[in-house]
Amino acid sequence: MADVFISYSHKDKKWKDRVASHLGVLEKQYSVEVWDDSHIAPGENWHERILIALGSARVAILLVSANYLSSDFVLREEIPRLLERRRDENLHVIPVILRACAWQEVEWLSQMQVELRNGKPLAECRSDQIDDCLAGITRRIRKFLQGKSVPPPVPPPHHQGRQRKEPKSRKTTRALKHPIVPSEELVLVGEGEFLKGANNEFAAGIEVKAKASGLDACALWEPPKTKEHLRGFRIARTPVTNEEYQQFVKSAGWRTPSHWALGRDPPFDPEYRRHPVTNVSFRDAEAYCEWRGGRLPTDDEWEKAARGTDGRAYPWGNHFNKDFCQCAEKDAGCTASVTHHAQGASPYGILDLTGNVGEFVDGGDAGTKNVRGGSYEDLCEYYGVTWARACSVGENVRHASIGFRLAADADGLASTTQQASCRPLDKTFIRIAASGIRVGCPPALLNRMKATFPLDEDAIKELAEDGLREISLGAFEISKYAVTNIEYWEFVRDTGHPYPRHWFDAPLGFRGNEAPFLFKYSHHPVVFIRHHDASSYCEWLSEKEGHEYRLPTNVEWQAAARGTDGRVYPWGNLYDPKRCNCPETGWGRTVDVRDFPQGDSPFGCSQMTGNVFEWLADDAEGYHCFLGGSFASALEIYGMTFFTMKTKSDCQRADLGFRLFRQI
């Protein structure tokens, strides 16, 4: 039986061997079986052995290169089975980009979070950077496998967790008022600066010990130490408990944690009433928080709540004490009551920020969510360090050692009235008087791009052909913002058009929310939209309002984004990650279309670099074009206002939306 399956092209065998050598620590220290086709003995049915390994693995690593993407066996036999298991069985798939190739043009691959190093394929990185990347992958696999294999405190029944109840139960929900039993009081953490990131002296002191235990110590050195100013916020004194989450399940008709027993009340051993709820996903946690009128804490909020303002390594100080937390150092084996370790409180009196359960926060890389604090199954001397970001999982993953806690803005939980007031923004269109517009790629910049970025020959050729030039266009209007979820929901309700696949399967129905997404995402750009979906929205809006709406063309979009001076980014010619939603922000997701006003274009259009790529009207030999870069892309290059991407018209991505052109 395989635990980790390595899928690769034989032409990349050296890379496979290098990856396997890093994963060797899992085999030696944790009895994890890492499988590739070198395990097939002479005379064995190789095809059958590969299929057996594919069917038993819990993690699959894909070593992606041009060789891999052109391998008939990989594409015909391995990929379809892996994608089916990823969809139906939550197989954890990790695509690693080895060398520059057209992976973005492969639909199933473009929709995943791929492994790059600072936006570069591994072959273009230094040897130590490659080792850092592979060590990080090894660490995450260990966390994933341990989280999936450790049994929950209550033995699970034979059946799995049920799905959420359908509209009948939600009608009951709408008749209920605000959630009943409150969580532990929300503690106010005042506005001000705190020390964020790694304490290098502390990290150096325990790195040797960490490595001797077979642990990757890289997380102890990242992120670098800085001072961060935060607005005030409130955060729960303890993680959300089983009894609190049960109220949510009953009231909102939400699905239960996978280990709870159906047909019992409570569906868990009463002894675990005040233990933290586990086996919930990031999406479950966000839904609970909105039901309560709050939200998850951000990465920075969680860190400040855990360490105060003096930069301590643990909530209680700089010296680890296993008696102050529920951790692997004392062979805990399961969760504890959320108030059991009062001596482990942070400077603000907040409990369980190291140990007991890892906690979801609102932050991460594209496609993954950060989990902070370590858990009962972790060596918390390392994984419980207050700045360590050693674990991330997909938003739908549910672990026996991961829970969450409630947070809110400084003025407390939102009222039902405030939440229900969320309505579509007024449509704001900006007139573009488009004469003397400069579009295309400046030749001098292309030379610098070739020296700086890993561009393939086709990209260089296209940029050279799309040289800087001056054009004139008739005046037109373009929407200030990308089309949002709440706007697209109006279209879906009117026409019966299918939901984007990241929406919930039915309207939520609690706290007055009749949309199939959380209030917090109402004014985020709609994504997972095919080109046809965007065009259908434009046709619907044209008929409804009596104006001609469509997608902008490439040159119309560039005119709105860069003004008359041919600038590289909407704000100027130098890349500035503080002006856009990019990987450096740490959100790992879309943000409100009104955020980052400092990145507006000269005409006042928002987020034309960053947040989401945007579909264009143009097509090129069966492909459709898009521009603008996204929260998941290296915006220094993909966010250039002329850097055009192409994909199939039925492509759906978590970072691809659209905005509107309106004919004057």
Side-chain angles (χ1 to χ4, degrees), residues 161-180 240 244-257 280-296 362 395-396 398 404 406 413-427 481-530 533-534 536-537 540-541 544 589-593 612 652 654 657-658:
R162 62 181 172 87
Q163 296 298 310
R164 281 180 282 119
K165 296 177 183 176
E166 287 308 315
K168 181 177 180 181
S169 64
R170 291 200 179 97
K171 289 180 181 178
T172 303
T173 298
R174 287 193 286 272
L176 296 176
K177 295 185 178 180
H178 195 275
I180 319 301
V240 173
E244 291 170 329
Y245 198 80
Q246 186 190 14
Q247 291 183 13
F248 171 52
V249 169
K250 286 181 175 180
S251 177
W254 208 256
R255 65 179 181 180
T256 64
V280 292
S281 69
F282 178 86
R283 298 191 87 200
D284 296 333
E286 278 200 310
Y288 173 91
C289 290
E290 181 155 302
W291 175 76
R292 287 294 319 281
R295 57 176 174 79
L296 288 171
D362 192 358
E395 66 176 19
N396 291 314
R398 305 161 92 188
F404 66 100
L406 180 69
L413 299 177
S415 70
T416 303
T417 302
Q418 289 171 320
Q419 294 280 34
S421 67
C422 190
R423 297 290 183 267
L425 302 173
D426 291 337
K427 287 186 174 64
Y481 306 118
V483 173
T484 63
N485 283 307
I486 198 73
E487 291 173 315
Y488 199 80
W489 171 232
E490 186 179 3
F491 160 62
V492 169
R493 283 185 301 174
D494 273 8
T495 64
H497 198 83
Y499 287 8
R501 70 184 195 202
H502 65 300
W503 287 5
F504 293 109
D505 58 10
L508 299 184
F510 56 77
R511 299 191 70 85
N513 187 354
E514 299 304 323
F517 45 81
L518 301 178
F519 276 117
K520 67 177 286 185
Y521 294 116
S522 294
H523 300 317
H524 287 222
V526 65
V527 294
F528 287 115
I529 295 298
R530 300 170 299 173
D533 298 325
S536 296
Y537 178 92
W540 165 80
L541 192 62
K544 179 180 179 181
R589 60 162 172 78
T590 59
V591 298
D592 191 300
V593 295
V612 294
Q652 300 174 70
F658 67 103

Hey, are the side chains of [X] and [Y] touching, using non-hydrogen atoms and a 4.5 Å cut-off?
X      : Y      : answer
Phe517 : Leu508 : no
Arg589 : Val591 : yes
Asn513 : Glu290 : yes
Trp254 : Tyr288 : no
Trp489 : Arg493 : yes
Leu296 : Phe282 : yes
Tyr499 : Val492 : yes

- Query: Hey, is Glu244 close enough to Arg292 for a salt bridge, meaning N to O under 4.0 Å?
  - Reply: no
- Query: Looking at Lys544 and Glu490, does any basic side-chain N land under 4.0 Å from a carboxylate oxygen?
  - Reply: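 Judged by the 4.0 Å cut-off on N to carboxylate O distance, Lys544 and Glu490 do form a salt bridge.
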- Where does the angle between the aromatic ring planes of Trp540 and Tyr537 fall among parallel (under 30°), tilted (30 to 60°) and perpendicular (over 60°)?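 Geometry flag for Tyr537 against Trp540: tilted rings.
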Which atom of [X] lies closest to which atom of [Y], heavy atoms considered:
X      : Y      : result
Ala482 : Val593 : O-CG1, 4.0 Å
Val280 : Pro257 : CG1-CG, 4.0 Å
Val527 : Thr590 : CG1-CG2, 4.2 Å
Val483 : Tyr488 : CG1-N, 4.4 Å
Glu395 : Ser281 : O-CB, 3.3 Å
Asp533 : Ile529 : CB-CG2, 3.6 Å

- Query: Is the side chain of Arg511 donor-acceptor paired with the backbone N or O of Trp291 at a distance under 3.5 Å, no angle test?
  - Reply: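 Side chain of Arg511 to backbone of Trp291, a donor-acceptor pair under 3.5 Å: yes, one is there.
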- Side-chain (Ser251) to main-chain (Gln247) donor-acceptor, under 3.5 angstrom: no
- Find the distance between CG (Asn485) and CZ (Phe519) and round it off to the nearest 0.5 Å.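 Taking CG in Asn485 and CZ in Phe519, the distance rounds to 13.0 Å.
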- Query: In Å and rounded to the nearest 0.5 Å, what is the OG1 to NE2 distance from Thr484 to His524?
  - Reply: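 So the gap between those two atoms works out to 10.0 Å.
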- Message: Centre-to-centre under 6.0 Å for Trp503 and Tyr521, is that the case here?
- Response: no
- Residue pair Arg530 / Ser536, side-chain donor-acceptor N/O under 3.5 Å: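 Result is no, nothing qualifies.
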